[in-house]
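Every chain is numbered from 1, with letters handed out A, B, ... down the list of sequences.
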Amino acid sequence: MGNETFKEKSPADFFYENMDVCGFDNPGRALYTAVRELVENSLDACETAGYLPDIKVKLEEEEKNMFKIVVEDNGPGIPPENIPESFGKVFYSSKYMMKQHRGRFGMGGTMAVMYGQITTQKPVHVVSITKDYITDLKIKIDILNNLPVTEPRNLEEAVELNNTNKHGTIIELWIEGNYKRSRDKIIEYIKQTAMVAPYATIEFIEPDGNRIIYGRVTKEVPSTPKESKPHPKGANFELFNRLCRRRERDKVINFLRKEFQALGKKTSLKILEMAKVDPNKRVKELSEGEKRRIVKGLRNFEGIKPPDASSLAPIGVETFVMGIKRVLEPEFVTATQRPPKAYEGHPFIVEVALAWGGKIPVNEEIKLYRFANRIPLLYDEWNDVSTRVIKKINWKRYDVKTNSPLAVFVHICSTSVPYKTLGKEYIANKPEIRREIHLGILKVCKELQNFLHKKEAKERKMKAFKLFSKHAELVSRFIAETVKGVDEEKVRREFLNFVSEKISGGGFT
Amino acid sequence: MKKKENEEYIILAEKIEREKLIDKMLNEIFLRILSQIRKRQNPFLEIPARKKEVVVYDEEKDLILLKKILMKRDFFNMKNVRKFTQTVAVSSTITELLRRNIHAQLRDIFYNRAYIFETQNESDAIIEDIAAMMGVYRENLGVIASAKGVCVGEIKIRDKGDLIDCSRLGTGGWSITPLVDEVEFVDYGAEYVLVIEKDAAFFRLVEDKIWKKQKCILVTGKGQADVATRRFVKRLREELKLPVYILVDSDPYGFYIASVYKRGSIQLSFDTPRLATQDAKLLGLLPSDLDKYKVPKYARLKMTEADIKRLSEISNYPWFKNKRYQEEFQLMLERKEKAEVQALCSKNITYLSDVYIPKKMEERDWLS
């Protein structure tokens with residue numbers, strides 16, 4: 001009867017029908033997206049637990065276009081009881097608070113599991129080793145009901161005690177894919193991840209056995225972000241309603257102070273006064289109209305402290321520099337971190353780095369590496385806010401010649417990165433963000449200019465030294481050949497000493 | 001007054017004794033640099049500038065001369081150091097030539113240190129630098145340019161002990177030696193010198209034995225005259241007091257070649273006093289001669305764009321700013337016609353020797 005018609009679509013079902021939205025639109029992209037989701041989960045797990053990540057990714061082509069992805073980490077493992085839903089239920093995640101995190105949609109690898117299951121009919125194989133237990137489990141998703149189906153069915157049969165010191169997670173996933181089409185992106189992804197995570201060892205084994213490895217170069221893990229309350233500027237009706245449900249019995253004045261950051265008694269009272277709402281009213285008694293007025297007041301009130309940036313985890317200047325060094329081995333690299341700022345109530349920090357030489361290819365266009373919340377953005381570079389900023393910089397002013405081996409790195413971390421599209425591959429042109437990127441680039445440009453000046457001066461000195469030495473030797477020879485009683489070796493040595501003194505003193509033109 | 005004038009230009013010494021010149025080279029180049037190195041002073045040489053701006057036409061003297069402006073050639077200058085070394089290298093070669101008392105061609109000097117030169121032009125320029133620096137002419141340094149001039153006529157010359165009678169050398173004539181200052185004039189029966197721009201016209205005159213009939217010495221530089229030919233003509237004028245007449249094609253290049261015999265060239269401006277035969281006369285072929293001697297239209301040539309451009313250039317040279325020359329230039333420009341000396345052969349193969357030259361000489365029809 002009507003029951004059937006009104007049955008909600010399960011989230012899994014919804015995503016099943018909209019997989020392209022999440023980067024699973026074709027076998028090439030799907031393979032890349034699956035790898036990256038699993039790697040990001042592993043990095044998050046390790047960092048949250050405070051372990052230095054060791055991550056190993058292996059791709060095997062078991063049949064033509066049928067791949068086994070193996071991702072192994074040394075994270076804390078997943079408690080046995082959480083495993084089935086972590087992999088077998090869409091929207092099961094711990095990533096629902098206001099804090100910066102890598103994963104997108106809060107689904108981690110669930111989409112990858114689902115895509116794998118649809119294309120290969122195989123369950124995902126998870127081995128999780130926590131401090132206490134080792135769990136070995138195969139999981140499929142019941143898509144219609146958004147429920148995990150495990151093998152063995154009884155979880156207890158899959159668990160044994162962990163008598164070792166080991167910990168970590170191994171995930172084996174079968175998926176249809178096209179390596180030829182995704183290889184460049186996957187390798188680029190691993191490479192760029194290595195740039196922003198120099199504290200991680202990342203190993204990637206290609207289907208043909210080729211091994212790419214980035215060894216750890218620092219033991220400094222960036223601090224894990226703290227959770228924070230929403231900022232009033234970022235309030236919206238949906239968020240407000242959700243928060244209301246948690247504190248229905250509270251007086252509205254206390255509710256505001258407890259649920260939002262940066263709101264004291266005074267400010268809250270002012271906002272409520274403007275919204276014409278009695279501060280002592282209970283939350284559950286608020287009318288729709290009153291709620292709307294409060295949300296409007298929260299968003300528009302002037303003079304609220306900027307959002308708390310402790311919920312952000314920037315890479316850090318030193319770490320960023322080390323990461324770039326380990327991957328590109330540049331002759332020069334510098335990085336800067338901008339102070340925390342906010343757009344539309346969301347705190348963000350921009351970090352900009354700049355590198356010159358080494359493995360950076362000489363290119364007419366300046367090579368841009370983009371990162372958001374420590375993940376590389378590989379698609380749609382053309383539309384990104386950073387691309388716009390770079391195009392507007394007058395590089396000649398900083399003595400950067402066209403065809404320079406120059407790379408710019410922009411990292412934006414935020415509790416809510418303003419991606420422009422559902423694909424989440426490029427960042428919207430928000431004026432606040434654009435400004436910070438611009439200022440960051442100007443700062444590193446100054447340092448690049450210093451470096452280029454010094455380099456040029458050094459090269460000029462080297463060139464001059466070579467030139468004058470060569471000519472000093474010739475002149476010494478001609479003098480010795482012409483003037484009787486002159487010892488060529490002696491004149492030569494004296495002249496060459498003179499040349500050295502001149503070069504170090506800079507007394508030449 | 002006179003002394004001050006001399007200070008303004010680079011005037012080369014007539015000749016410096018070999019031993020003295022060797023000492024001068026050693027002191028002013030080699031020992032000077034040695035001492036600069038020892039005293040930790042930036043080594044440099046001072047060389048008379050020879051760029052276009054310092055080449056001037058002295059109206060009073062009617063000569064192209066070089067203003068005396070010394071340029072510093074520094075060792076510690078990335079742009080100049082190569083030239084500095086080249087100067088020392090060529091100086092070393094020249095000192096050796098002087099010590100051994102031998103001569104070398106410009107090209108020999110280039111090859112002697114070819115590893116520091118890219119082209120012979122570079123070494124040629126350095127040789128001129130050194131000549132200007134030492135205040136002597138190139139030959140004095142033992143450096144000679146190849147000579148291509150030829151002489152035929154009533155004159156006997158002694159060259160390194162050999163007596164040469166220029167009236168008994170058939171139609172080939174005597175090749176003027178690069179060491180023209182070493183030859184001695186023994187005897188002569190000529191009354192004037194006729195310098196002919198081109199080989200072909202020269203041959204015509206030699207075969208017609210005009211030198212016998214007209215009692216003259218025929219000289220050709222075969223185009224743009226080299227230093228030895230110019231010096232030879234100058235010596236005939238100075239030492240034998242023979243008047244000199246020049247026969248060139250009726251075109252802008254002919255006029256310039258004649259003026260180089262008379263006043264010197266821009267390139268070797270520091271050497272002109274020794275090379276220029278200032279009172280030589282331009283006998284022909286003048287643009288006005290074309291009508292006067294009724295050179296038929298078909299023997300005249302149409303001037304090209306380049307010819308006309310060159311004509312306007314030379315009309316502006318200060319030493320051509322004289323009424324008679326400007327009239328001839330004006331005529332050439334109006335007609336846009338030029339003609340070679342041999343154009344006169346259109347009337348009669350021997351017209352040049354039989355009619356043109358005798359008549360011109362008789363009528364004293366020339367430009368000073």
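Within 6.0 Å of the CE atom in B:Met78, the count of heavy atoms belonging to other residues, nucleotides or ligands exceeds 12. Taking a 6.0 Å sphere around CD of A:Glu331, one finds it holds more than 12 heavy atoms contributed by other residues, nucleotides or ligands. Within a 6.0 Å radius of NZ in B:Lys234, other residues, nucleotides and ligands contribute more than 12 heavy atoms. Counting heavy-atom neighbours within 6.0 Å of A:Arg435 CZ, excluding the residue itself, gives a total of 12 or less. Residue A:Glu220 places its CD atom among 12 or fewer non-hydrogen atoms of other residues, nucleotides or ligands, all under 6.0 Å distant. More than 12 heavy atoms of other shown residues, nucleotides or ligands fall within 6.0 angstrom of atom NZ in A:Lys455. The number of heavy atoms from other shown groups lying within 6.0 Å of CD (B:Glu17) does not exceed 12. Open room surrounds NZ on B:Lys67; 12 or fewer heavy atoms of other groups in view lie less than 6.0 Å from it.
Applying side chain to side chain contact (heavy atoms under 4.5 Å, CB included) to A:Thr509 and the options B:Asn77, B:Asn42, B:Asp74 leaves one that passes, B:Asn77.
A distance of 4.0 Å separates CZ in B:Phe30 from OG1 in A:Thr482, rounded to the nearest 0.5 Å.
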### Task
Apply side chain to side chain contact (heavy atoms under 4.5 Å, CB included) to B:Arg82 and A:Lys470, showing your working.
CA-CA 10 Å; B:Arg82 216 169 138 257; A:Lys470 183 185 116 190; over 6 Å; no
### Query
Between A:Lys502 and B:Arg40, does a side chain to side chain contact (heavy atoms under 4.5 Å, CB included) hold up when you go through it step by step?
CA-CA 9 Å; A:Lys502 267 291 185 200; B:Arg40 293 292 195 263; over 6 Å; no
### Task
Let me see the working for B:Phe84 and A:His471 under side chain to side chain contact (heavy atoms under 4.5 Å, CB included), right down to the final yes or no.
CA-CA 9 Å; B:Phe84 182 97; A:His471 283 275; over 6 Å; no
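The pair B:Arg99-A:Glu481 does not count as a salt bridge, with every side-chain nitrogen at least 4.0 angstrom from each carboxylate oxygen.
With a threshold of 4.5 angstrom between heavy atoms, A:Leu467 approaches chain B through side-chain atoms but not through N, CA, C or O. Using a 4.5 Å cut-off between heavy atoms, B:Ile116 contacts chain A through its side chain alone, with no backbone atom that close. Heavy atoms closer than 4.5 Å to chain A are found in the side chain of B:Leu26, but not in its backbone. Residue B:Gln86 does not touch chain A at all, counting heavy-atom pairs closer than 4.5 Å. Looking at B:Thr85, both its backbone and its side chain come within 4.5 Å of chain A, counting heavy atoms on both sides. Heavy atoms of A:Val499 lying under 4.5 Å from chain B belong to its backbone as well as its side chain. The part of A:Arg477 that comes within reach of chain B is its side chain, from C-beta onward, which places non-hydrogen atoms under 4.5 angstrom from that chain.
The heavy-atom pair separating B:Gln36 from A:Phe498 by the smallest distance is O-CE2, 4.2 Å. Closest non-hydrogen pair, A:Phe468 versus B:Phe75, comes out as CE2-O, 3.3 Å. Listed here is the closest heavy atom pair of A:Phe478 and B:Val88: CB-CG1, 3.7 Å.
Top candidate by heavy-atom pairs under 4.5 Å with chain B, chosen from A:Leu474, A:Val483, A:Val475, is A:Val475.
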